Amino acid sequence: MFQPILVTTARLIILMIAGYIVFQPRLLRQHILPRLLSLTVNVLLPVYFITAFSAGWDSAVEAGWEWMPIFFFASVVMMGFQAVVGGWLVRRVPAFSSPHPRAWVALFAVQNVGFIPLPILAAIAPEEINIYMFFFVLAFVIIFWTLVVSLVSAEGGHFVFKPNMPLAGIVAGMVIAVFGLYDYIPGVLRTAMEWLSEPALDLILFVLGGILATIPKADLKYRPEFGSLIWLRMLLYPAAMLGVLALIPFNGLSAEMAYGIRLVLVLEAAVPPATNLIVATKKYGTEAQVHYMASGMLVTYIASFVTMPLFLIASHAAFG
């Protein structure tokens, strides 16, 4: 099992680095990347949710439908806990002091719940886990476009909800799966949807690298609190999550399902911040916040190339 983990994470890193290199030219970043990002997020990802929901829904329900709301609320609890801890640290601990405290709390609290975990889990976890993960992502999307936008807003308290295509894809996929409507979709259209969904996860990673390439070189500034962020949020926190999960028996679940659920939670604790933070900060925050957020984003993603594989391997050694 170690080999699939290493191959999957290496592939993830290679795709991100490839996107970062390909979109170094300014012309490509300005004209090609926005279109590719729009295609991936607004077309391919929703289609992927619809096809994956229908393909795995019955087995996910049979394995335990209750894990769907559990994963939804787990996402809420995890982000809430991270926000509380991040806020306490930035106010009380000198090592975490920051000229942009709300931006720092966002980096600490808002992890990349989908772009990185979904491709990994699709390759090494049971199919049912992917269905449960969609509910984790659903909670994240709702929270992000309400509370998180308020957090990064320059004025504070800027409450907004922005409907978006990933959210629509999750909801549509769930409705189609629940009512068994997928088989009523014309065969030609189903074939096209399945064809479109296949490259979705790979393109997400490639585009993620491109998004990181948009960070101006002037923003590549290491700050002491970023080192503290890496040690606590990307090392100690997932290590603590791994230890807690080792104590929970998960009675009544198959060994494969228990392994997959533990893997999800450790992975979600270990992933770097959500790249959507840059998008939201650009729209609602200040230019200084954008520079700060971008710098922290790049530092944490570089660190994640080392920390994520370590925790995936540790999770398999402990639970596999």
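As the structure is a prediction and not an experimental result, all values here were calculated from the model.
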Closest non-hydrogen atom pair between [X] and [Y], with its separation:
{"X": "Pro273", "Y": "Thr300", "answer": "CD-OG1, 3.2 Å"}
{"X": "Pro117", "Y": "Val271", "answer": "CG-CG1, 3.9 Å"}
{"X": "His100", "Y": "Ala288", "answer": "CE1-CB, 3.5 Å"}
{"X": "Ala239", "Y": "Phe311", "answer": "N-CE2, 3.5 Å"}
{"X": "Met234", "Y": "Ser304", "answer": "CE-CB, 3.6 Å"}
{"X": "Ile170", "Y": "Phe134", "answer": "CD1-O, 3.8 Å"}

Apply side chain to side chain donor-acceptor pair (under 3.5 Å) to Asn112 and list each qualifying residue two or more places apart in sequence or on a separate chain.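 For Asn112 the side chain to side chain donor-acceptor pair (under 3.5 Å) partners, ignoring immediate neighbours, are Tyr301.
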Assess the residue pair Met78 and Met241 against the criterion (side chain to side chain contact (heavy atoms under 4.5 Å, CB included)); give the C-alpha distance rounded to whole Å, side-chain angles, the decisive distance to 0.1 Å, and a yes or no. CA-CA 11 Å; Met78 183 175 285; Met241 179 70 76; 3.5 Å; yes
Give a yes or no on this: more than 12 heavy atoms of other residues, nucleotides or ligands lie within 6.0 Å of atom [atom1] of [X].
{"X": "Phe81", "atom1": "CZ", "result": "no"}
{"X": "Gln30", "atom1": "CD", "result": "yes"}
{"X": "Arg11", "atom1": "CZ", "result": "no"}

[X] side chain near [Y] side chain, heavy-atom distance below 4.5 Å:
{"X": "Ile131", "Y": "Glu127", "answer": "no"}
{"X": "Met165", "Y": "Leu45", "answer": "no"}
{"X": "Val137", "Y": "Pro166", "answer": "no"}
{"X": "Met308", "Y": "Pro272", "answer": "yes"}
{"X": "Thr214", "Y": "Phe23", "answer": "no"}
{"X": "Leu229", "Y": "Leu107", "answer": "yes"}
{"X": "Leu267", "Y": "Ser315", "answer": "no"}
{"X": "Phe144", "Y": "Val141", "answer": "no"}

Candidate list Leu208, Ile204, Thr275, test side chain to side chain contact (heavy atoms under 4.5 Å, CB included), partner Ile116, passing option: Leu208
Hey, do the aromatic rings of Phe49 and Phe53 have their centres closer than 6.0 Å? no
Worked verdict on Gln111 versus Phe140 for side chain to side chain contact (heavy atoms under 4.5 Å, CB included): CA-CA 9 Å; Gln111 79 269 24; Phe140 169 83; 5.8 Å; no
Please report the interatomic distance [atom1]([X]) to [atom2]([Y]), rounded to the nearest 0.5 Å.
{"X": "Ile278", "Y": "His291", "atom1": "CD1", "atom2": "NE2", "answer": "11.0 Å"}
{"X": "Leu298", "Y": "Met293", "atom1": "CG", "atom2": "CE", "answer": "14.0 Å"}
{"X": "Ile32", "Y": "Leu37", "atom1": "CD1", "atom2": "CG", "answer": "13.0 Å"}

Donor-acceptor contacts, no H, no angles, side chain residues 56-77, under 3.5 Å, sequence neighbours left out:
{"unit_1": "Ser59", "atom_1": "OG", "unit_2": "Gly56", "atom_2": "O", "d": "3.0"}
{"unit_1": "Ser75", "atom_1": "OG", "unit_2": "Phe136", "atom_2": "O", "d": "3.0"}

Any side-chain donor paired with an acceptor under 3.5 Å for Tyr237 and Gln82? yes
Chi angles and distances behind the side chain to side chain contact (heavy atoms under 4.5 Å, CB included) call for Leu232, Phe108: CA-CA 9 Å; Leu232 180 58; Phe108 192 96; 3.9 Å; yes
Give every donor-acceptor pair under 3.5 Å between a side-chain atom in residues 174-184 and any protein atom, sequence neighbours left out.
{"unit_1": "Tyr182", "atom_1": "OH", "unit_2": "Glu194", "atom_2": "OE2", "d": "2.9"}

Side chain to side chain contact (heavy atoms under 4.5 Å, CB included) evaluation trace for Leu312 with His316: CA-CA 6 Å; Leu312 284 170; His316 176 70; over 6 Å; no
Can Arg262 be said to sit on top of Phe319's aromatic six-ring, NZ or CZ under 6.0 Å from centre and within 45° of the ring axis? yes
Transitively linked via ILVMFWY side-chain contacts under 4.5 Å: Ile14 with Ile17?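 Shared cluster, no.
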Which label fits Tyr292 and Phe226: parallel for a plane angle under 30°, tilted from 30 to 60°, or perpendicular past 60°? tilted
Check: Thr281 side chain, Leu277 main-chain N or O, donor-acceptor pair, under 3.5 Å: yes
